[in-house]
Amino acid sequence: MSKQHWIGDVRAGSHDGAEVELKGWVHRTRGSNKIWFMVLRDSTGLVQCVIKRDGVGDDTFEELSTTLIESSVIVRGVVESTDREHGHEVQVSSGEVVGRVNPERPFPITESAMAEADGGETEFLLDNRHLYLRTGRMTTMLKLRSTLFGAIHSYFRDRDFIEYHAPNFVAGAVEGGSTLFEVPYFGRKAYLTQSWQLYAEAAAPALERLYTIAPSFRAEKSRTRRHLTEYWHAEMEVAWASNADIMEYGEGVVRHIAKTLLDESSDELSELGRDLELIASYADSAYPRIRYDEAIETLQSKGVAVEWGQDLDYSKEKVLTADFDVPHFITHYPRIAKPFYHRPDPDEPKYVLCHDLLAPEGYGEIVGGGERTWSEKEILERIDEEGTPREPYEFYIDIRRYGGVPHGGFGLGVDRVCAWLSGADHIREVIPFPRDSRRVTP
RNA sequence: GCCGACAUAGCUUAGUUGGUGGAGCGGUGGACUGUUAAUCCACAGGUCGCAGGUUCGAGUCCUGCUGUCGGCGCCA
C-alpha cells in the first residue's frame with residue numbers, strides 16, 4: 001500500500017515510540033519561528049505534528065510552516081504519547097508539501113463560516129459543498145451514513161432477501177403524475193423513477209423476498225427540512241405476506257439500524273451531539289400501532305379540524321407524534337385516500353391494508369407500505385375507480401394474471417432515517433450533494 | 001402552487017431620527033521555542049444584490065426585479 005500509517009491508529013496508541021509516515025491535509029496551524037504546530041487530518045482523525053527548526057532544518061521548517069489550511073502534506077516522525085489534546089503527537093523529522101494551497105485563494109471554509117451555521121446549511125456552505133465535505137461535521141455524518149446503509153443491507157441479507165434492481169428510466173408513474181421528472185428519451189418522453197415497487201412486484205414470483213437501496217426522484221417543489229428531489233429509497237417486497245408481516249419487517253429494519261449505529265458508530269453519534277440512551281430506546285422499544293380511525297379521534301379530541309377520509313398531512317402528523325417517544329405506525333387508511341395498488345381490507349373494504357411509520361421528534365414519515373392489490377379482478381376495479389388509464393399498467397396487471405399471490409412491501413426514506421437518528425436539523429445535512437427544487441449544483 | 005423573511009469585504013457581521021461604511025476571522029509582512037479557534041504589531045481587501053424613485057444628500061426611505069433562506073401543500 002502506498003499509505004501505511006493512519007492517524008486513527010496513532011491516536012489509538014498503536015505506534016507509540018515508533019516512526020510513522022503520515023499523509024494527510026493541514027487542518028490548523030500555529031507556532032513561532034522556532035517551533036511550529038501542524039494539526040494534520042486524514043480520514044481517520046486529527047493529530048498534532050510538532051515541527052522544530054532545530055530538528056528538521058531551515059528549508060523543511062520554512063516549507064512546512066508556510067502551508068495554508070487544506071494543503072496536502074507528508075510528514076515523518078516518531079509518535080510520542082502526551083497529556084495534550086489528542087493524547088499523541090508526532091515529532092516531525094522530515095516532510096514535504098504535496099499540494100500547496102495558493103495564498104491568493106485560501107480555503108474558503110473558515111471557522112466563521114461554520115460558527116453561525118450549526119448544521120452547515122447556509123447558502124455559502126451549500127455553494128461550497130465540495131469543500132465543506134472535508135470538514136469535521138460533514139465527515140462524521142458521511143461515516144454515520146455509511147454505517148446506516150450497511151445496516152439495511154445486512155438486515156435484509158441476513159434474512160435471505162435478494163438484492164434486486166429496477167430501471168431508473170420509466171414510462172409511467174407510481175405516485176401522482178405531477179411529481180414526475182420528464183426526460184427526453186430518443187424522441188420519446190421518459191421519466192425518472194419514483195419507486196422500485198412496481199418492478200419489484202414483477203420479480204416477486206421469482207425471488208419471493210427482495211430488496212434494494214436506490215435513488216428515487218420526485219419533482220416536488222417542497223421546501224421543507226424533510227424533502228429532497230433525489231433521495232435514497234430502501235424498498236422491499238415479499239410474496240405471501242400480509243400487511244402485518246410487512247410491518248414486522250419495517251419495525252425490524254428500523255430497530256436494526258438504530259442498534260447497528262450504536263454498535264458501530266457510537267463515536268459519530270456522540271460527536272453529532274446525539275444522546276445514546278435515546279438511540280437505544282429506538283433500538284429496544286416496540287413501536288406502537290394505531291389505526292387511522294383512532295388517529296382521527298385523537299386529533300378531533302385535541303381540537304384539530306379534520307374529517308374522516310382526509311389524508312394526514314404533516315401538521316397533523318406532528319400532533320399525533322407528540323404522544324409517542326418512539327416511532328409509531330398508523331394503519332388502515334381510507335381507501336379513497338390511497339393509490340390503487342393498496343389492497344382494500346376484505347373485511348371492511350372502505351379501508352386499505354397499509355401502514356405509515358412516523359418518526360418521533362418531528363422527523364415525519366419514514367416508512368410507507370402495505371399489502372398490494374394482488375388479484376386481477378381487484379386491481380382492475382381499483383384502477384378504474386381511480387380513473388387511471390389501464391394501458392401503462394398492462395405489465396403490472398399481467399403479474400396478477402399469472403399466479404398472483406398475496407404480497408406486500410414498503411419503502412423507507414434512508415436520508416430521513418439518517419436525519420432523524422443523527423439529530424440533523426435538515427435532511428440536506430446527511431447527503432453529500434443535496435438536490436432540491438432550487439439547487440442542482442455543485 | 002401558496003405564505004413569510006433576508007441580501008454590507010473571501011467568511012461572520014455592526015452600521016442610531018438619512019449626513020465621507022467599522023470590526024472579528026481568513027490573507028500578506030513582521031515579533032515570539034509548547035501552541036490548542038495561540039498571542040501581539042502593521043498592511044491589503046467594499047459597484048452596500050440589480051434597476052428606478054424620493055431627497056441638497058440613500059447602506060439606511062419607496063417601487064420593481066433577481067437570488068437565497070424558512071414554512072405550508074405533497075410525500076419517503
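Note on naming: letters A, B, ... go to the chains in the order of the sequence lines (proteins, then strands), and numbering restarts at 1 for each one. Please read these numbers as outputs of a predicted model, since none were measured by experiment.
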Please report the C-alpha distance between A:E80 and A:T82 in whole Å, then the side-chain angles of each, then the deciding distance to 0.1 Å, and finally whether the side-chain hydrogen bond (donor to acceptor under 3.5 Å, both in side chains) criterion is met. CA-CA 6 Å; A:E80 195 175 84; A:T82 127; over 6 Å; no
For RNA chain B, please output the secondary structure as dot-bracket, reading 5' to 3'. Pairs are Watson-Crick or G-U wobble, both atom distances under 3.5 Å; mark crossing pairs with [ ], other-strand partners with |, unpaired with a dot. (((((((..((((.....[..)))).(((((.......))))).....(((((..]....))))))))))))....
What is the distance, rounded to the nearest whole Å, between atom CG of A:L180 and atom P of B:rC75? 14 Å
I need the CD-P distance between A:E220 and B:rG71, as an integer number of Å. 16 Å
Which whole-number value in Å describes the distance from A:E104 CD to B:rA44 P? 17 Å
Any donor-acceptor pair under 3.5 Å between the side chain of A:T110 and the base of B:rC25? no
On a whole-Å scale, what distance lies between the C1' atoms belonging to B:rG22 and B:rA14? 7 Å
Identified salt bridge (Lys or Arg N to Asp or Glu O under 4.0 Å) partner of A:E429 from the options A:R416, A:R137, A:R129, A:R226: A:R137
Under the 6.0 Å and 45° cation-pi test, does A:R157 pair with A:F161? no
A:L126 CG to B:rU68 P: how many Å, rounded? 11 Å
Find which nucleotide of RNA chain B each of A:F37 and A:I69 is nearest to by heavy atoms, and output the residue with the more 5' nucleotide. A:I69
Taken to the nearest whole Å, CZ/A:R438 to P/B:rG1 is 10 Å
By nearest-nucleotide position on RNA chain B, the 5'-leaning member of A:P108 and A:I35 is A:P108
